[in-house]
Participant: 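Sharing a structure, written as structure tokens. Questions coming.
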Amino acid sequence: EALFKDLPADAASAHPAWLYKAITRAWPEQANAVFEANNTHPPMCLRVNQQQHSRDAYLAKLSAADIDATTCQYAPMGLRLSSPCGVEALPEFFAGAVSVQDEAAQLCTRLLELQPGQRVLDACAAPGGKSGAILETEPALQELVALDIDEGRLERVADNLQRLDLRAHYQVADAADPQAWWDSQAFDRILLDAPCSATGVLRRNPDIRLHRRASDIPELVSLQRRILDAMWQCLAPGGILVYATCSVLPEENEQQIADFLQRHDDAHSAALDVAWGIDRKVGRQLLPSNEGADGFFYAKLVKAAATGH
Ligand SMILES: C[S@@+](CC[C@H](N)C(=O)[O-])C[C@H]1O[C@@H](n2cnc3c(N)ncnc32)[C@H](O)[C@@H]1O
């Protein structure tokens with residue numbers, strides 16, 4: 001990808017020109033810190049399976065295994081390792097005690113306000129990091145449907161949940177086309193962790209800089225829009241849909257949700273009562289430069305309760 005000659009050498013050498021410009025336009029004050037963060041090694045974070053251990057108990061197991069870690073600031077079950085290690089070194093990993101997941105990705109569960117008996121849809125579930133977090137947080141759901149369009153990737157969800165000793169209903173389907181798979185039973189909660197540019201996780205996936213094109217963004221925005229509109233039909237009155245991306249581009253995030261709210265009179269965006277991220281017109285943005293977590297966007301959409309007869 002051609003790079004502009006007049007860009008600062010360090011940033012220009014690491015980001016294609018279109019992305020450099022997009023991030024600078026979206027985050028004029030934070031852009032340099034974002035570029036810098038994108039060039040650092042990402043931390044390895046764990047999510048302790050609260051059905052098996054408290055965070056402190058697992059921290060003690062790590063310490064006994066000579067693995068140095070600290071607690072994450074915002075994710076209640078999150079631990080950050082001082083240096084990455086293979087999962088086989090983690091105590092009881094294969095018994096499901098812990099999963100590898102960045103702190104930002106762990107933050108979705110609280111936003112969903114999970115309760116026993118709810119029917120929950122994880123609409124873009126693979127490889128299952130957030131499905132696991134949902135079921136560990138609230139194991140008494142009526143059902144978790146883990147849906148993904150990619151059959152091979154959905155098998156990874158099943159493998160991950162099996163290791164954690166958790167159960168879900170698996171559905172290979174296009175979330176944008178509920179007529180093909182939905183049984184008309186509304187979901188109380190929907191997590192839409194949408195396919196996106198992954199511009200918030202460049203430090204984990206450096207090759208995104210090479211493969212991602214500016215022309216991908218409008219296509220992704222249109223796909224996210226179709227999935228969002230379809231998922232809204234499947235949500236029960238009074239239900240909550242959490243929209244998430246690992247993007248730092250406003251088109252996929254606050255702009256996508258602002259446009260959604262324009263199209264749907266029965267939707268409102270709830271303020272997120274959290275200490276992390278940057279408050280946006282709608283939703284909240286984590287930048288990889290802020291809390292040391294991955295770049296992520298979250299919005300919480302609430303569907304109007306059914307009106308009387
Ligand atoms: C960001 S990843 C999800 C990560 C996952 N939630 C986790 O925490 O492990 C997005 C997923 O969306 C899936 N996907 C893309 N288009 C889809 C569609 N139309 N319907 C359902 N899933 C789709 C992809 O196969 C991919 O697995």
Side-chain angles (χ1 to χ4, degrees), residues 42 45-47 49 75 77-78 87 98-112 114 120-137 144-164 166 168-182 187 189-202 204-205 208 211-212 216-235 241-249 252-253 256 286 293-299:
C45 291
L46 305 178
R47 184 189 74 244
N49 180 353
M77 299 311 291
V87 292
V98 79
S99 299
V100 177
Q101 186 176 46
D102 189 71
E103 181 173 16
Q106 296 184 37
L107 298 172
C108 70
T109 41
R110 207 192 119 198
L111 305 182
L112 282 163
L114 298 167
V120 180
L121 172 64
D122 187 354
C124 292
K130 298 187 187 65
S131 291
I134 287 170
L135 288 164
E136 287 169 9
T137 306
L144 174 74
V145 177
L147 181 146
D148 204 279
I149 200 165
D150 184 324
E151 188 169 6
R153 282 175 61 85
L154 196 62
E155 280 167 18
R156 291 179 58 198
V157 184
D159 291 346
N160 277 323
L161 294 189
Q162 193 174 20
R163 182 181 61 83
L164 295 166
L166 299 169
H169 174 81
Y170 301 102
Q171 178 81 59
V172 181
D174 180 354
D177 182 22
Q179 277 182 341
W181 56 268
W182 186 44
F187 292 95
R189 298 289 183 264
I190 297 178
L191 173 63
L192 174 46
D193 189 18
C196 74
S197 62
T199 43
V201 291
L202 294 181
R204 290 191 192 280
N205 308 287
I208 292 171
H211 302 310
R212 187 67 69 211
D216 295 341
I217 306 303
E219 281 175 30
L220 286 163
V221 168
S222 142
L223 173 62
Q224 292 153 359
R225 176 187 162 116
R226 284 194 296 116
I227 300 179
L228 252 173
D229 284 351
M231 288 297 86
W232 196 247
Q233 299 168 40
C234 304
L235 185 67
L241 183 152
V242 170
Y243 176 82
T245 72
C246 57
S247 166
V248 296
L249 302 179
E252 300 180 271
N253 297 340
Q256 177 72 268
L286 283 149
D294 285 343
F296 244 84
F297 173 83
Y298 283 111

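Indexing begins at 1, ligand by ligand and atom by atom, following the structure's order.
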Participant: Using the six-membered ring wherever Trp is involved, compare the ring planes of Phe187 and Trp181 and label them parallel, tilted or perpendicular (cut-offs 30° and 60°).
Facilitator: tilted
Participant: Do Asp102 and Arg204 meet the salt-bridge criterion of a basic N to acidic O distance under 4.0 Å?
Facilitator: yes
Participant: Just by modelled atom types, is the Val248 backbone N or O under 3.5 Å from a matching donor or acceptor in the Thr199 side chain?
Facilitator: yes
Participant: Would you tell me whether Thr137 and Arg110 have side-chain atoms, one donor and one acceptor, within less than 3.5 Å of each other?
Facilitator: no
Participant: Ignoring hydrogens and angles, state whether a donor on the side chain of Gln101 or Arg47 is under 3.5 Å from an acceptor on the partner side chain.
Facilitator: yes
Participant: Could you tell me whether the side chain of Asn160 and the main chain of Pro127 form a donor-acceptor pair under 3.5 Å?
Facilitator: yes
Participant: Between the protein and ligand 1, which nitrogen or oxygen pairs come in under 3.5 Å, and how far apart is each?
Facilitator:
from: ligand 1; atom 1: 6 (N); to: Cys124; atom 2: O; distance (Å): 3.0
from: ligand 1; atom 1: 6 (N); to: Asp193; atom 2: OD2; distance (Å): 2.7
from: ligand 1; atom 1: 8 (O); to: Lys130; atom 2: N; distance (Å): 3.2
from: ligand 1; atom 1: 8 (O); to: Lys130; atom 2: NZ; distance (Å): 3.0
from: ligand 1; atom 1: 9 (O); to: Pro127; atom 2: N; distance (Å): 3.4
from: ligand 1; atom 1: 9 (O); to: Gly128; atom 2: N; distance (Å): 3.1
from: ligand 1; atom 1: 9 (O); to: Gly129; atom 2: N; distance (Å): 2.9
from: ligand 1; atom 1: 19 (N); to: Asp174; atom 2: OD1; distance (Å): 2.8
from: ligand 1; atom 1: 20 (N); to: Ala175; atom 2: N; distance (Å): 2.9
from: ligand 1; atom 1: 22 (N); to: Ile149; atom 2: N; distance (Å): 3.3
from: ligand 1; atom 1: 25 (O); to: Asp148; atom 2: OD1; distance (Å): 2.6
from: ligand 1; atom 1: 27 (O); to: Ala126; atom 2: O; distance (Å): 3.2
from: ligand 1; atom 1: 27 (O); to: Asp148; atom 2: OD1; distance (Å): 3.4
from: ligand 1; atom 1: 27 (O); to: Asp148; atom 2: OD2; distance (Å): 2.8
from: ligand 1; atom 1: 27 (O); to: Arg153; atom 2: NE; distance (Å): 2.8
from: ligand 1; atom 1: 27 (O); to: Arg153; atom 2: NH2; distance (Å): 2.9

